[in-house]
Enquirer: 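Handing you a structure now.
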Amino acid sequence: MHRKRPLDDLFSERSRKFELSGIRKMFDLVRPGAIDMTLGEPDFNPPKNVRRALRHAVEEGHNKYGPTAGIPQLRQALAERLRRWDKNVAPEQVLITIGASEALFLAAATFYDIDDEVLIPDPGFVVYAPHVRYCRAHAKPYDLLQERGFRPDHEQLKSLVTPKTKAIVVNSPANPTGGVLAKEDVMAINDLAVDHDLVIISDEVYDEVVYEGEHHSFLGREATTVVVNSFSKTYATTGWRLGYLVADPVIIDRIVGLHHSIVACPPSLTQHAAVEALTGEQDSVRRMHEVFRKRRDLILEPLNAMPGVRCPAPAGAFYAFPQFGFDLTSQQFAMEMVKDGVIAVPGAFFGRNGEHHLRFSYATSRERILTGMERMAGTVERLQKTVPMRKDWTH
Ligand SMILES: Cc1ncc(COP(=O)(O)O)c(C=O)c1O
């Protein structure tokens, strides 16, 4: 390549808003023999009937482009499933996407304008803030703190709203905290959105993975809402890249053009298998989620037994998000653990309030969880000898 100007000069301002997420960077540190607890991905296979349906889809010739918004059978099956939240949902309100990832981007690009303000959870899933920046809007973080069960403070939310606020992003059950919104939170956020004409973007990809209380969807309430969901976590099909968003048909009509310009249509094969996932037996899905509950209990005990570490039981999803008292940043702590062969994600990657936390995905085997915790206990023992506790740490 021969250029007068460095290639870097040519990149658009927008392209600079994205960096490979910190989680991926930690994942890249995984060496043979290390216990990787970084990725939020079930270690199970998709249910047997769903795998079979995928093979059939290939043989039956569903190897071509399909409808832009998704195949009608899947939109119909999803509408039926979603009627537990909103009995009036119609298939026209459902847009099939390339994972929740695409759905979140579409929602952001459709609503956020230059200089709009968007309330995002802190700590929160890693793509929300870059999406806001990409649209040249401003992210305003709201707090999710361990001492409040990682639920938002309603007064703080109100105080963050200004005439420029366009949207609020919510995620329950939450990544990375495992927090679950109570019904009163959902109602308060809905009311706030109605009062100030905000759009709610509700990421509900862990809706089936709840251990305490129950999931309360934002679907079917009064506010203008885009609900984002996915097959990835519920059916252990992260690699199939299939998600969806649900919104008013007028919103779908607006979004679908952008969706078409990026992906043309969602993958035909996995959509056919997803119809089986929704309409076939659900026992294996329930069993999988019961296993997550056991693993949650398994990881909590050793974590809380470590001096200088505190981890209340997460109410949903499959992440433990302990806080530690050592006077280290979360990245430094994570790097100390790398030396002992266990990889977790530094909490600071998810926002300011994530500092002094680590995220462990326990969507991995019992043995790996136990070995990971043993190794982390070794790290803690070593740190105890060399690193003081922070002054504000009480345990
Ligand atoms: C909160 C949250 N939203 C969205 C996604 C993206 O999921 P998908 O695989 O459907 O793109 C993830 C994946 O980790 C997630 O944790």
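Quick caveat, the model's predicted, so the values are computed rather than measured. In each ligand, atom 1 is the first atom listed, and ligand 1 is the first ligand listed.
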Enquirer: So, for Y211 and F318, is the gap between ring centers shorter than 6.0 Å?
Expert: no

Enquirer: Considering only protein heavy atoms, which is closest to atom 12 (C) of ligand 1, and at what distance to one decimal place?
Expert: F125 CZ, 3.4 Å

Enquirer: With the threshold set at under 4.0 angstrom, would you say F231 reaches ligand 1 through any of its heavy atoms?
Expert: no

Enquirer: Tell me: protein heavy atom nearest atom 11 (O) of ligand 1, and distance?
Expert: S101 OG, 2.6 Å

Enquirer: Could you tell me, atom by atom, which parts of ligand 1 come under 4.0 Å of a heavy atom of G99?
Expert: 10 (O), 11 (O)

Enquirer: What atoms of ligand 1 come within less than 4.0 Å of a heavy atom belonging to N175?
Expert: 1 (C), 15 (C), 16 (O)

Enquirer: Can you tell me which residue and heavy atom of the protein come closest to atom 7 (O) of ligand 1, and the distance to 0.1 Å?
Expert: A100 CB, 3.8 Å

Enquirer: What verdict does the side-chain hydrogen bond (donor to acceptor under 3.5 Å, both in side chains) test give for E102 and Y244, after you've listed the backbone C-alpha separation in whole Å, the side-chain angles of each residue and the deciding distance to 0.1 Å?
Expert: CA-CA 9 Å; E102 191 217 347; Y244 52 97; over 6 Å; no

Enquirer: Cut-off 3.5 Å, side chains only: do Y206 and N171 have a donor facing an acceptor?
Expert: no

Enquirer: Atom 9 (O) of ligand 1: which protein heavy atom is closest, and how many Å away?
Expert: S232 OG, 2.7 Å

Enquirer: If only atom types and distance count, is the side chain of Q156 paired as donor or acceptor with the main-chain N or O of Y142 below 3.5 Å?
Expert: no

Enquirer: Heavy-atom count check: over 12 atoms from other residues, nucleotides or ligands less than 6.0 Å from R254 CZ?
Expert: no

Enquirer: Should L82 and L242 be counted in the same cluster of Ile, Leu, Val, Met, Phe, Trp and Tyr side chains packed under 4.5 Å apart?
Expert: yes

Enquirer: Have a look at ligand 1 and work out which part of N171, if any, has a heavy atom under 4.0 Å from it: side chain, backbone, both or neither.
Expert: side chain

Enquirer: Tell me whether the centres of the aromatic rings in Y134 and F18 are closer together than 6.0 Å.
Expert: yes

Enquirer: What atoms of ligand 1 come within less than 4.0 Å of a heavy atom belonging to S230?
Expert: 8 (P), 10 (O)

Enquirer: So which heavy atom in the protein is nearest atom 3 (N) of ligand 1, and how far is it from that ligand atom?
Expert: D203 OD2, 2.6 Å

Enquirer: Could you identify the single nearest non-hydrogen protein atom to atom 14 (O) of ligand 1 and state the distance to 0.1 Å?
Expert: K233 NZ, 2.6 Å

Enquirer: So does E117 pair up with K140, basic N to acidic O under 4.0 Å?
Expert: yes

Enquirer: Examine R241 against ligand 1 and note whether any of their N/O atoms are separated by less than 3.5 Å.
Expert: yes

Enquirer: Under a heavy-atom criterion of less than 4.0 Å, does T238 contact ligand 1?
Expert: no

Enquirer: Between the side chains of H154 and D185, does any donor sit under 3.5 Å from an acceptor?
Expert: yes

Enquirer: May I ask whether E41 places a heavy atom under 4.0 Å from ligand 1?
Expert: no

